[in-house]
Amino acid sequence: MTVFGNYAPYYDLLYRDKDYVGEAEFIHSLIQTHAPDSKNILELGCGTGNHATLLAKMGYHLHGVDLSQEMLHLAHERLSQCPQELSKRLQFTHSDIRQVRLDQKFDVVLSLFHVISYQTTNEDLLAAFTTVKTHLKPGGIFVFDIWYGSAVLTELPTVRVKHLEDELIQVTRIAEPVIYPNENCVDVNYHVFIKDKNSGAVDELRETHTMRYLFKSEIEFLLSGLQMQLVTSQEWLTNQQPGLKTWGVYFVVRN
């Protein structure tokens, strides 16, 4: 069972208010700016395939990789509902982004929604970045986002409660963080309640997601060892200069 295993069926509902369309358009703009001839993309940590499907609609060929069988089941369900012309541009593989080897080179590698911050040790980070290096064509770009250390340590994570529902279920998710400043990590302890609207039965889930917050200098050090170059880093979606309150920062790296 992966860290997303228990609540994968409720994942799309929990993130229903996430602007996937806006994010896909933002990613497209970054690709057009930094690698405009790109056609094929590897997405490391593709989840249920939301970003992949939207980017495929823009004409890209996407290969998504995820460690969660439950997430990929939902991705394949999404794929089965796509028109054939679109589904031909999508492929999903179950694997660990630290170890996967596809014997293929890509124009772009993506890792979104803080997947890189799930790599909590130096060894994990190096392994994930080595996967990127292995799969990128010369001159290709790697686009990823992280929890930005400056904001995490300035504002500190707080308890968050989220309520959502659809025609079948009501979901309440409580996120209680515990920070470990000497490890540059935060344990996000999730307590999720799912109520069936028809029966009134309530299911209760608990999971802990450990997240590593990162700094620009750490990333530059990792890249230098792999002979990759940082092109730019800005606030996710706004392109503002990162600051002490910027939790989400994206990086564009060239191979």
Side-chain angles (χ1 to χ4, degrees), residues 4 7-8 10-66 68 71-72 74-75 77-79 81-83 85-87 89-90 92 106-118 140-148 150-152 155 160 162-166 171 173 175 188 209 211 213-214 230-243 245-253:
F4 284 102
Y7 74 84
Y10 316 107
Y11 181 88
D12 284 339
L13 175 60
L14 284 167
Y15 293 101
R16 184 175 59 186
D17 55 350
K18 184 174 172 64
D19 185 10
Y20 283 100
V21 173
E23 292 188 4
E25 291 172 349
F26 183 71
I27 295 159
H28 175 63
S29 72
L30 291 176
I31 294 171
Q32 291 304 301
T33 298
H34 299 289
D37 295 327
S38 298
K39 295 180 174 60
N40 61 346
I41 299 173
L42 171 63
E43 185 180 4
L44 299 176
C46 63
T48 63
N50 263 314
H51 286 121
T53 303
L54 290 166
L55 288 165
K57 288 179 180 178
M58 297 178 186
Y60 297 104
H61 290 259
L62 266 292
H63 193 135
V65 174
D66 206 279
S68 168
M71 291 285 196
L72 288 177
L74 296 177
E77 281 190 352
R78 188 189 307 278
L79 183 61
Q81 296 167 11
C82 289
E85 186 61 32
L86 181 61
S87 65
R89 296 198 289 270
L90 288 163
F92 298 107
F106 296 83
D107 301 310
V108 178
V109 176
L110 300 177
S111 192
L112 306 172
F113 213 178
H114 316 309
V115 165
I116 292 300
S117 282
Y118 278 90
I141 61 169
F142 175 33
V143 180
F144 64 97
D145 63 339
I146 60 164
W147 272 24
Y148 196 52
S150 299
V152 175
E155 296 198 324
R160 296 179 181 271
K162 192 167 190 175
H163 302 282
L164 283 170
E165 63 181 284
D166 60 16
V171 177
R173 188 185 70 177
V188 184
H209 294 206
M211 308 290 292
Y213 51 90
L214 292 158
L230 178 60
V231 177
T232 187
S233 60
Q234 304 289 347
E235 184 176 27
W236 179 245
L237 293 181
T238 72
N239 275 328
Q240 298 296 310
Q241 187 71 15
K245 295 186 178 181
T246 311
W247 277 75
V249 173
Y250 77 85
F251 292 76
V252 178
V253 171

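Values reported hereafter were calculated over all heavy atoms of this structure, with side chains retained and with hydrogens, waters and symmetry mates removed. In this text, all values refer to a predicted model and were calculated from it rather than measured experimentally.
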Margin query: Between D145 (side chain only) and H114 (backbone N and O only), is there a donor and an acceptor less than 3.5 Å apart?
Written below: yes
Around atom NZ of K245, are there more than 12 heavy atoms from other residues, nucleotides or ligands closer than 6.0 Å?
no
T33 and V252, any side-chain heavy atoms less than 4.5 Å apart
no
Check whether any side-chain N or O of N40 sits under 3.5 Å from a backbone N or O of F106 as a donor-acceptor pair, and report yes or no.
no
| said: Any heavy-atom pair between the side chains of L44 and F144 that's under 4.5 Å? | reply: no
Note: C46 and D66 closest approach over all heavy atoms is N-OD2, 3.2 Å
Y213 meets the side-chain hydrogen bond (donor to acceptor under 3.5 Å, both in side chains) criterion, sequence neighbours left out, with none
Sequence neighbours excluded, the answer for side-chain hydrogen bond (donor to acceptor under 3.5 Å, both in side chains) partners of N239 is Y250
Expected output: side-chain S38 to main-chain V108 donor-acceptor under 3.5 Å = no
Mark yes or no for whether D107, through its side chain, and G140, through its backbone, hold a donor-acceptor pair below 3.5 Å. no
Residues at least two apart in sequence or cross-chain that pass side-chain hydrogen bond (donor to acceptor under 3.5 Å, both in side chains) with E77, listed by chain then number, are H73
Task: Any side-chain heavy-atom pair of I41 and I31 under 4.5 Å - done: yes
In this structure, CG of L110 is separated from CD1 of I27 (nearest 0.5 Å) by 5.5 Å
Sorted by chain and residue number, the side-chain contact (heavy atoms from CB on, under 4.5 Å) partners of E235 (sequence neighbours excluded) come out as T238, Q240, T246
Side chain to side chain contact (heavy atoms under 4.5 Å, CB included) between Q234 and Q241: does it pass, once the steps are laid out?
CA-CA 5 Å; Q234 304 289 347; Q241 187 71 15; 3.6 Å; yes
With sequence neighbours left out, the residues meeting side-chain contact (heavy atoms from CB on, under 4.5 Å) with E85 are K88, R89
Within a strict 4.5 Å, meaning less than it, do heavy atoms of the M211 and Y118 side chains meet? yes
Salt bridge (Lys or Arg N to Asp or Glu O under 4.0 Å) filter on E165, not counting sequence neighbours, yields K197
